[in-house]
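Structure, as structure tokens:
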Amino acid sequence: IRIRRYRENDAEAVCEAVLESKDKLSPWLPWCRPGYSIEDSRTWVSGRADAWNRGEEYDFIIEEIITPGLVGGCGINLIDANNIRGNIGYWVRNSRSGQGFASRAAVLIARFGFEALGLKRLAIIAAVENKASRRVAEKSGAEFDGVLRNYFRLHGVQHDAACYSFIPEDFS
């Protein structure tokens with residue numbers, strides 16, 4: 001696989017992948033709502049360069065090299081410049097899930113965060129009930145740090161979160 005920055009012409013492929021996967025993504029990703037549309041994709045894609053330039057978020061498309069096409073997305077967000085850390089997020093379309101794409105992308109995005117951004121810690125935070133995302137974190141080699149009780153609210157429900165992390169030394 002490879003990860004690459006978003007391009008303006010990615011909006012349709014992103015929308016197609018999200019709509020294909022809405023049933024599995026929407027319980028865990030607040031942006032994946034029932035009325036998700038091509039306009040949502042266009043807004044997201046067009047905002048990626050500005051977020052990158054402001055140092056707020058670094059988002060990528062996940063692509064397979066052998067059979068080109070959009071597999072999903074990943075990125076680093078919630079960057080805390082004072083503590084030199086951020087969070088990793090990822091999603092994969094239904095037709096490509098369970099094939100190791102997200103775990104490989106998590107490793108690539110972590111390397112980017114350490115090598116290009118100089119971060120000292122990257123966390124993967126997933127609802128305890130989100131078994132697929134937790135499995136990705138485990139397969140990627142992230143260290144399980146513990147459970148953060150009542151860590152976030154999603155769709156009006158408070159969730160405990162499983163916290164996993166990478167530090168630069170994990171890649172020495």
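Residues Tyr90 and Ser103 bring no donor and acceptor atom of their side chains to less than 3.5 Å of each other.
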| query | What do the steps show when you test Asp170 against Ile167 for side chain to side chain contact (heavy atoms under 4.5 Å, CB included), and what is the final call? | reply | CA-CA 6 Å; Asp170 295 336; Ile167 60 172; 3.8 Å; yes
| query | When you look at Arg96 and Glu64, which way does the side chain to side chain contact (heavy atoms under 4.5 Å, CB included) test go after all the steps? | reply | CA-CA 10 Å; Arg96 306 313 293 273; Glu64 184 179 11; 2.3 Å; yes
| request: I would like to know whether Phe112 and Leu117 meet side chain to side chain contact (heavy atoms under 4.5 Å, CB included); could you show each step before the answer? | output: CA-CA 7 Å; Phe112 169 81; Leu117 304 178; 3.7 Å; yes
| task | Evaluate the side chain to side chain contact (heavy atoms under 4.5 Å, CB included) criterion for residues Arg33 and Asp40: first the C-alpha distance (whole Å), next the side-chain angles of each, then the deciding distance (0.1 Å), finally the verdict. | result | CA-CA 10 Å; Arg33 54 186 180 64; Asp40 293 315; 2.8 Å; yes
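Residues meeting the ring-ring contact (aromatic ring centres under 6.0 Å, His included) test with Phe101, sequence neighbours left out: none. Not counting sequence neighbours, Arg5 has no partner by the salt bridge (Lys or Arg N to Asp or Glu O under 4.0 Å) test. Remark: Arg111 pairs with no residue by the side-chain hydrogen bond (donor to acceptor under 3.5 Å, both in side chains) rule, at least two apart or across chains. With sequence neighbours excluded, the residues forming a salt bridge (Lys or Arg N to Asp or Glu O under 4.0 Å) with Glu57 are Arg48, listed by chain and number. Under the rule for a ring-ring contact (aromatic ring centres under 6.0 Å, His included), the partners of Phe166 that lie at least two apart in sequence or sit in another chain are Phe171.
Under the 3.5 Å distance criterion, the side-chain polar atoms of Arg93 are left unmatched by any main-chain donor or acceptor of Glu20. Judged by distance alone, with hydrogens and angles left aside, the side-chain atoms of Lys120 form no donor-acceptor pair with the main-chain N or O of Asn83 at under 3.5 Å. With hydrogens and angles disregarded, no donor-acceptor distance shorter than 3.5 Å links the side chain of Asn150 to the backbone of Asp160.
Under the 4.5 Å side-chain criterion, counting only non-hydrogen atoms from C-beta, Asn9 is not in contact with Val45. Within the 4.5 Å cutoff, side-chain heavy atoms of Asp23 are placed close to those of Asn94.
Atom-to-atom distance recorded for Phe152:CZ and Trp28:CH2 is 7.5 Å, nearest 0.5 angstrom. For the atom pair CG of Leu78 and CD1 of Ile125, the computed distance is 9.0 Å after rounding to the nearest 0.5 Å. With rounding to the nearest 0.5 angstrom, the CD1 atom of Ile109 is 10.5 Å from the CD1 atom of Ile124. Between Lys22 atom NZ and Leu29 atom CG the span is 13.5 Å, to the nearest 0.5 Å. Rounded to the nearest 0.5 angstrom, Leu122 CG and Ile76 CD1 are separated by 5.0 Å.
Contact between Ile1 and Ile65 at its shortest, heavy atoms only, is O-CD1, 3.6 Å. When all heavy atoms are compared, the tightest approach of Ser97 to Val92 is N-CG1, 3.8 Å. Between Ala11 and Ser41, the shortest heavy-atom contact is O-CB, 3.3 Å.
Residue Arg4 qualifies as enclosed at atom CZ: its count of foreign heavy atoms under 6.0 Å is above 12. The local environment of OH in Tyr36 is crowded, with over 12 non-hydrogen atoms from other residues, nucleotides or ligands closer than 6.0 Å.
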Which pairs would a plain distance check flag for residues 136-145, meaning a side-chain donor or acceptor within less than 3.5 Å of a matching protein atom at least two apart in sequence or in another chain?
unit_1: Glu138; atom_1: OE2; unit_2: Tyr164; atom_2: OH; d: 3.0
unit_1: Ser140; atom_1: OG; unit_2: Val136; atom_2: O; d: 3.4
unit_1: Ser140; atom_1: OG; unit_2: Ala137; atom_2: O; d: 2.7
unit_1: Asp145; atom_1: OD1; unit_2: Ser165; atom_2: OG; d: 3.3
unit_1: Asp145; atom_1: OD2; unit_2: Arg121; atom_2: NH1; d: 3.4
unit_1: Asp145; atom_1: OD2; unit_2: Arg121; atom_2: NH2; d: 2.9
unit_1: Asp145; atom_1: OD2; unit_2: Ser165; atom_2: OG; d: 2.8

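Aromatic ring pairs are classed by plane angle as parallel below 30°, tilted from 30° to 60° and perpendicular above 60°; the pair Trp31 and Trp44 is parallel.
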